[in-house]
Amino acid sequence: MSIKYNAMITGVGMYVPDKIMDNAYFEKIVDTSDEWIVSRTGIKERRLLENGATSDLAYKAAEDLFKNHNINRDEIDVIIVATVTPDMLFPPTACIVQVKLGCKNAWGFDLSAACSGFLFALQTGASLVESGAYKKVLVIGADKMSSITDYTDRNNCILFGDAGSAVLLEPTEDKSMGIQDSILRIDGSGKDAIYMLGGGSLNPPTHETVDKKMHYIYQNGKAVFKVAVKGMADVSYEIMEKNNLKSEDIAYLVPHQANLRIIDATAERMGLSKDKVMINIDKYGNTTAATIPSCLTEYYRDGKIKKGDKLVLAAFGAGYTWGSTYLVWSL
Ligand code: UT7
């Protein structure tokens with residue numbers, strides 16, 4: 001049976017808190033330097049949400065989208081929130097966002113896939129739209145990474161920031177528009193390289209789990225770096241081959257923003273010059289599920305992408321989770 005609809009992005013929005021943590025701030029709290037951070041990661045600043053939770057980041061990003069695209073919130077069918085920092089283990093953050101937004105006709109859920117969360121949520125939302133069952137699906141990536149970051153651990157604390165960003169998916173019968181293809185993967189053998197051990201059913205919170213700092217993100221950066229470089233570059237190249245895309249066909253690579261060196265390696269494998277790569281890691285660091293949609297929002301608002309542009313989105317994260325999506329910009 002051929003699918004009648006494609007899912008296309010018809011709105012974008014984002015929110016970052018005002019409070020900036022620059023590299024000079026980290027020079028004061030851990031043994032690091034601006035030079036080390038910039039040369040190893042590409043990060044200059046990140047944002048900190050001092051009061052509030054992930055649902056606030058998600059809610060404000062969605063409000064920004066509604067305002068800029070004149071969306072009637074009663075028409076939202078589904079809200080998917082990709083996050084690894086839910087407000088609580090339950091209820092789902094999507095429910096908290098739904099009531100804040102007043103989307104009274106929506107259902108929804110959270111999706112946990114770490115730094116690949118937005119790509120996985122985008123594909124999930126696209127499938128709901130392509131089925132013909134739903135017409136307006138809000139896909140949000142939001143993470144308050146500061147809530148799980150150990151600010152005494154120089155290996156990790158310099159990497160992460162807080163942000164939320166959202167896209168709206170709607171159906172189109174024009175098959176040349178919107179999401180064209182996705183290659184998504186998981187490999188649980190990566191579970192020992194990047195994780196948060198405490199707080200779940202394996203290690204429910206106790207004084208001991210807190211004393212052992214088990215409620216913070218841990219990663220073996222070097223190990224993750226190696227597989228991330230290969231994983232993100234391979235899957236991005238694979239989606240190009242599968243869709244007969246040459247580097248000159250692609251307007252932008254939209255990579256997860258974990259490390260500029262991982263992004264550069266992916267672009268190189270795809271044969272793309274630096275001006276064809278969306279970057280905002282310098283301003284926000286790694287905001288986990290919010291990196292890709294916030295790049296889309298900023299580049300769209302700066303007039304750098306236009307309708308018909310071919311984009312390749314790519315991510316790699318904890319799990320391991322990774323993947324790549326090819327879409328034709330429709331705004
Ligand atoms: O988004 C989810 C997926 N995560 C990723 O994709 C992250 C992947 N990993 C990375 O991006 C990089 O591995 C890091 C940025 C985390 C680290 O960069 P690296 O070039 O792999 O550094 P390293 O871990 O090999 O550490 C090199 C040195 C070490 O010192 P020695 O052992 O050589 O004396 C570290 O202790 O740098 C030291 N170091 C630091 N020095 C100054 C580690 N963190 C810092 C720091 N400032 N903040």
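When a ligand or atom number is given, it counts from 1 through the structure's own listing order. Along the sequence shown, residues are numbered consecutively beginning with 1. Bear in mind that the values here come from a model prediction, so they are computed numbers and not experimental data.
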Which of the ligand 1 atoms, numbered from 1, are nearer than 4.0 Å to a heavy atom of His256
1 (O)
Just to confirm, does any protein heavy atom lie below 4.0 Å from atom 29 (C) of ligand 1?
no
The closest protein heavy-atom partner of atom 5 (C) of ligand 1 is Val224 CG1, 3.7 Å
Between Ile158 and ligand 1, which residue portion shows a heavy-atom distance shorter than 4.0 Å: side chain, backbone, both, or neither?
side chain
min-distance protein heavy atom vs atom 25 (O) of ligand 1 -> Lys222 NZ, 2.8 Å
Can you sort out which atoms of ligand 1 are near Asp31, meaning under 4.0 Å from one of its heavy atoms?
42 (C), 47 (N)
Going by the order shown, which atoms of ligand 1 are within less than 4.0 Å of some heavy atom of Asn155?
43 (C), 44 (N)
Is the closest heavy-atom distance from Ile37 to ligand 1 below 4.0 Å?
no
Side-chain donor-acceptor contacts of residues 194-207 below 3.5 Å, not counting sequence neighbours, with atom names and distances?
{"from": "Asn203", "atom 1": "ND2", "to": "Leu197", "atom 2": "O", "distance (Å)": "3.1"}
{"from": "Thr206", "atom 1": "OG1", "to": "Glu208", "atom 2": "N", "distance (Å)": "3.2"}
{"from": "Thr206", "atom 1": "OG1", "to": "Thr209", "atom 2": "N", "distance (Å)": "3.1"}

For Trp36 and Phe26, I'd like to know if the aromatic rings sit close, meaning centre-to-centre distance below 6.0 Å.
no
For atom 46 (C) of ligand 1, what is the nearest protein heavy atom, given as residue, atom name and distance?
Thr32 OG1, 3.3 Å
Listed by chain and number, what are the side-chain hydrogen bond (donor to acceptor under 3.5 Å, both in side chains) partners of Thr32, not counting sequence neighbours?
none
Flag side-chain contact, heavy atom, 4.5 Å: Tyr151 against Ile29
yes
For Arg40, take its heavy atoms, then give the atoms of ligand 1 lying under 4.0 Å from any of them.
19 (P), 20 (O), 22 (O), 27 (C)
Assess whether atom CG of Asp302 is packed by more than 12 heavy atoms of other residues, nucleotides or ligands within 6.0 Å.
yes
A side-chain contact here means heavy atoms from C-beta on lying under 4.5 Å apart; do Leu138 and Leu101 qualify?
yes
Within the protein, is there a heavy atom lying under 4.0 Å from atom 33 (O) of ligand 1?
no
Test side-chain contact (heavy atoms from CB on, under 4.5 Å) applied to Ile79 and Ile140, step by step:
CA-CA 8 Å; Ile79 300 170; Ile140 306 175; 4.1 Å; yes
Looking at non-hydrogen atoms alone, which of Asn23, Leu159, Thr288 comes nearest to atom 16 (C) of ligand 1?
Leu159
Heavy-atom count around Lys100 NZ within 6.0 Å, excluding the residue itself: above 12?
yes
Under 4.5 Å between any side-chain heavy atoms of Ile217 and Met145, yes or no?
yes
Ligand 1 and Ser33, any nitrogen or oxygen pair closer than 3.5 angstrom?
no
Is Gly221 in polar range of ligand 1, meaning some N or O pair under 3.5 Å apart?
yes
Do Asp234 and Arg185 meet the salt-bridge criterion of a basic N to acidic O distance under 4.0 Å?
no
Would you indicate whether the side-chain heavy atoms of Phe316 and Thr266 approach each other to under 4.5 Å?
no
So if I count the atoms of ligand 1 from 1 in the order they appear, which ones are less than 4.0 Å from some heavy atom of Thr41?
15 (C)
Just heavy atoms, cut-off under 4.0 Å: does Asn286 contact ligand 1 by side chain, backbone, both, or neither?
side chain
Close-contact set for ligand 1 against Gln219 heavy atoms, below 4.0 Å
4 (N), 5 (C), 7 (C)
Is Lys310 paired with Asp249 through a side-chain N to carboxylate O contact shorter than 4.0 Å?
no
Nearest-contact summary for atom 35 (C) of ligand 1 - protein heavy atom, Å
Arg154 NH2, 3.9 Å
Do the side chains of Asp74 and Lys104 get close enough for a salt bridge, i.e. N-O under 4.0 angstrom?
yes
Among all the protein's non-hydrogen atoms, which is closest to atom 39 (N) of ligand 1, and how far away is it?
Trp36 CZ2, 3.4 Å
Atom 2 (C) of ligand 1: the protein heavy-atom neighbour that sits closest, reported with distance to 0.1 Å:
Cys115 SG, 3.2 Å
Could you tell me if the side chain of Glu173 sits less than 4.5 Å from the side chain of Lys4, heavy atoms only?
yes
heavy-atom search around atom 18 (O) of ligand 1 in the protein gives Arg261 NH2, 3.5 Å
Nearest-neighbour protein heavy atom for atom 10 (C) of ligand 1, which is reported as residue plus atom name and distance:
Asn259 ND2, 3.5 Å
Under 4.0 Å to a heavy atom of Ala258 - the qualifying atoms of ligand 1, by number
1 (O), 5 (C), 6 (O)
